[in-house]
Enquirer: 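Encoded as structure tokens, here's the structure I'll be asking about.
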Amino acid sequence: MKNPEAQQDVSVSQGIRMMFYVMKPSETSFQTLEEVPDYVRKATPLFISLMLLELVISWIRKGKPLGGLDDALASLSAGIMSQLPRLFYRSIELTSYVYIWENYRLISLPWDSPWTWYLTFLGVDFGYYWFHRMAHEVNIMWAGHQTHHSSEGYNLSTALRQSVLQIYTSWIFYSPLALFIPPSVYAVHLQFNLLYQFWIHTEVIDNLGPLELILNTPSHHRVHHGRNRYCIDKNFAGTLIIWDRIFGTFEAENEKVVYGLTHPINTFEPFKVQFHHLVNIWTTFWATPGLFNKFSVIFKGPGWSPGKPRLGLIEEIPEVEGKEVPFSSSASQLLKMYVVAQFALMLAFYEETFADKAVLSQVTLLLRVCFIILTLTSIGFLLDQRPKAAVLETFRCLVFLILCRSGHLKPCISSLSFAFETGSSPQY
């Protein structure tokens with residue numbers, strides 16, 4: 001058995017290789033779930049480094065960044081919101097898996113066998129293909145997954161635009177593996193499959209030659225994110241594009257891809273980004289006559305309505321001309337600078353909260369999560385130029401002061417921290 005403590009560190013070489021799934025079974029096999037590193041958390045510096053590299057390459061090649069600052073902030077906000085539940089409980093993708101493994105497993109494959117490692121790689125990727133496909137073909141699942149597609153840009157920040165709801169259905173498609181694959185092996189590949197999909201969200205990489213036949217690549221995934229008619233419901237792969245080729249959902253990139261939802265939401269407000277389609281389902285459900293039709297609204301495709309095929313009609317998807325202008329904020333440059341500064345401060349609190357969650361009280365954790373959500377919402381309001389944005393931001397600043405004074409937040413600047421401590425201490 002490997003030393004659990006020795007498994008907590010990820011070297012620079014491993015950090016780079018794990019982003020591309022180029023890891024060896026011998027260095028990523030663990031006997032217990034507790035030994036498995038949190039690879040996704042440890043990849044945060046690489047996320048930032050690669051996004052900066054993409055920005056530099058884009059400036060050199062095109063003289064401008066890929067996508068807008070407002071869109072990138074909305075994507076990062078969605079990613080942060082999707083991670084907040086982890087402060088309170090383990091992901092349902094793991095808890096459900098462990099439950100099935102402990103109560104219903106048929107056989108126990110050896111955790112330290114390379115054959116188990118490679119079989120799990122294929123099993124997780126196969127499960128992801130079917131989850132991803134159903135997330136486009138079942139309306140209630142699309143309500144979660146549409147968050148990831150709502151960006152009208154396509155760059156590495158788009159990869160972080162994740163759904164709060166998605167994990168509550170994705171676990172179903174991995175659960176058969178729990179009948180024979182140890183949870184520790186599954187937990188490794190669940191993370192690697194996710195990390196691999198980060199770098200394919202870019203336009204700076206064109207065609208990868210023969211690798212396009214086997215692997216999911218930036219070119220293939222650009223098609224998946226397109227709202228052109230030829231792009232709809234294509235290329236669901238996680239790591240291997242072979243599943244799309246086998247099951248008839250593959251489409252090569254040809255004409256210019258226009259990104260985003262077929263009906264853009266035109267907002268940067270995080271709750272609308274996450275939940276707007278649930279509201280649409282609720283409205284459509286009550287407006288649709290007949291019990292069978294009501295359930296069809298939930299379980300058939302997003303484009304379905306009475307009298308149409310299960311996935312709707314491709315002819316009803318709006319045509320694109322390639323000249324579409326992505327939605328952007330009308331906020332002034334000064335206001336955008338303020339928003340970026342507030343987002344950076346919030347990100348520091350976010351990272352600190354995850355780092356210290358083991359020693360923080362449940363009350364402090366809850367208050368910090370509420371403050372993070374409030375900050376993201378206020379940023380969305382400011383970027384959208386909502387009428388109540390100034391009022392909400394003023395309220396957020398007051399909440400910040402209260403939380404700092406009560407000790408639930410620590411100011412990033414030490415002198416401010418001293419001021420709060422002095423102000424809250426008894427005066428004699």
Side-chain angles (χ1 to χ4, degrees), residues 66-82 132 135-166 169 201 221-222 224-229 231-233 257-287 297-298 301-305 311-312 316-331 336 339 343 373-389 392:
L66 293 172
L69 173 66
D70 41 22
D71 187 76
L73 288 176
S75 294
L76 296 175
S77 297
I80 288 170
M81 286 188 70
S82 73
H132 196 183
H136 281 254
E137 296 184 0
V138 177
N139 204 16
I140 193 65
M141 293 177 66
W142 174 247
H145 188 61
Q146 60 79 30
T147 298
H148 182 61
H149 283 264
S150 61
S151 172
E152 293 182 77
Y154 190 78
N155 51 60
L156 293 177
S157 71
T158 309
L160 304 179
R161 185 179 285 227
Q162 296 294 321
S163 168
V164 173
L165 302 173
Q166 187 166 285
T169 53
H201 289 82
H221 206 59
R222 284 193 289 269
H224 178 72
H225 272 260
R227 54 184 165 116
N228 314 55
R229 287 183 179 177
C231 298
I232 301 300
D233 293 342
V257 177
V258 178
Y259 304 109
L261 301 173
T262 57
H263 298 87
I265 56 176
N266 295 335
T267 184
F268 301 113
E269 197 271 293
F271 279 93
K272 281 197 172 182
V273 169
Q274 291 284 350
F275 304 118
H276 80 95
H277 194 68
L278 272 182
V279 177
N280 291 343
I281 291 176
W282 177 263
T283 303
T284 306
F285 178 87
W286 292 110
V297 168
I298 298 174
W304 179 86
S305 61
L311 299 181
E316 293 186 350
I317 293 174
E319 289 270 22
V320 297
E321 300 176 355
K323 299 178 182 179
E324 287 75 10
V325 178
F327 177 71
S328 61
S329 173
S330 60
K336 288 181 179 179
V339 163
F343 185 88
I373 293 173
L374 178 61
T375 300
L376 296 178
T377 304
S378 183
I379 286 173
F381 271 50
L382 290 169
L383 291 175
D384 280 358
Q385 293 286 273
R386 297 279 191 88
K388 301 294 185 181
L392 182 62

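Just so it is clear, the structure is predicted and the values come from calculations on it, not from any experiment.
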Enquirer: Would you say NZ of K336 has more than 12 non-hydrogen atoms from neighbouring residues, nucleotides or ligands within 6.0 angstrom?
Expert: yes
Enquirer: Measuring from atom CG of L278 to atom CZ of F285, what distance do you get when rounded to the nearest 0.5 angstrom?
Expert: 13.0 Å
Enquirer: To the closest 0.5 Å, what do you measure between CD1 (I232) and CG (L311)?
Expert: 11.5 Å
Enquirer: Can you check whether L383's main-chain N or O pairs, donor with acceptor, with S329's side chain at less than 3.5 Å?
Expert: yes
Enquirer: Which distance, rounded to the nearest 0.5 Å, do you find between the CZ of F268 and the OG of S328?
Expert: 6.5 Å
Enquirer: Parallel, tilted or perpendicular for W142 and H277, by the 30°/60° rule?
Expert: perpendicular
Enquirer: If you apply the rule side-chain contact (heavy atoms from CB on, under 4.5 Å), what do you find for I80 with F343, and how did you get there?
Expert: CA-CA 11 Å; I80 288 170; F343 185 88; 3.8 Å; yes
Enquirer: What is the distance from atom CG of N280 to atom CZ of F275, rounded to the nearest 0.5 Å?
Expert: 14.0 Å
Enquirer: Which atoms form the tightest heavy-atom contact between H145 and Q166, and what is the distance?
Expert: ND1-OE1, 2.8 Å
Enquirer: Which heavy atom of S163 sits nearest to which heavy atom of S82, and what is that distance?
Expert: O-CB, 3.5 Å
Enquirer: Taking the side chain as every heavy atom from C-beta outward, state whether H263 and P318 have any pair of such atoms under 4.5 Å apart.
Expert: yes
Enquirer: Taking all heavy atoms of T158 and all of S151, pick out the closest pair and write down the distance.
Expert: OG1-OG, 3.8 Å
Enquirer: Below 4.5 Å, heavy atoms only, C-beta onward: do L382 and L392 meet side chain to side chain?
Expert: no
Enquirer: Would H148 and H132 count as having a side-chain donor-acceptor pair, cut-off 3.5 Å?
Expert: no
Enquirer: Is any side-chain heavy atom of F271 closer than 4.5 Å to a side-chain heavy atom of T377?
Expert: yes
Enquirer: Quick one: list whatever passes side-chain contact (heavy atoms from CB on, under 4.5 Å) with I265, sequence neighbours left out.
Expert: S150, L261, T267, V273, H276
Enquirer: Quick check for you: to the nearest 0.5 Å, what is the distance between N228 atom CG and Y259 atom OH?
Expert: 9.0 Å
Enquirer: Can you tell me how far the CG atom of L160 sits from the OG atom of S75, to the nearest 0.5 Å?
Expert: 7.5 Å
Enquirer: Applying side-chain contact (heavy atoms from CB on, under 4.5 Å), run through R161 and T147 and close with a yes or a no.
Expert: CA-CA 7 Å; R161 185 179 285 227; T147 298; 4.2 Å; yes
Enquirer: Check for a donor-acceptor pair, side chain of Q146 on one end and backbone N or O of G144 on the other, with a separation under 3.5 Å.
Expert: no
Enquirer: Determine the interplanar angle of the H224 and H149 rings, folded into 0 to 90°, and report it as parallel if under 30°, tilted if 30 to 60°, perpendicular if over 60°.
Expert: perpendicular
Enquirer: What residue pairs, at least two apart or across chains, pass salt bridge (Lys or Arg N to Asp or Glu O under 4.0 Å) with a residue in residues 135-154?
Expert: R133-E137, E137-R310, E152-R227
Enquirer: Check whether S378 reaches the backbone of T375 with its side chain - one donor and one acceptor, N or O, closer than 3.5 Å.
Expert: no
Enquirer: Give the minimum heavy-atom separation between P270 and G380, together with the two atoms involved.
Expert: CD-CA, 4.2 Å
Enquirer: Testing the basics here: between V297 and N139, what is the closest heavy-atom pair and its distance to 0.1 Å?
Expert: O-ND2, 2.8 Å
Enquirer: Where the side chain of D384 meets the backbone of R386, is there a donor-acceptor pair that is under 3.5 Å apart?
Expert: no
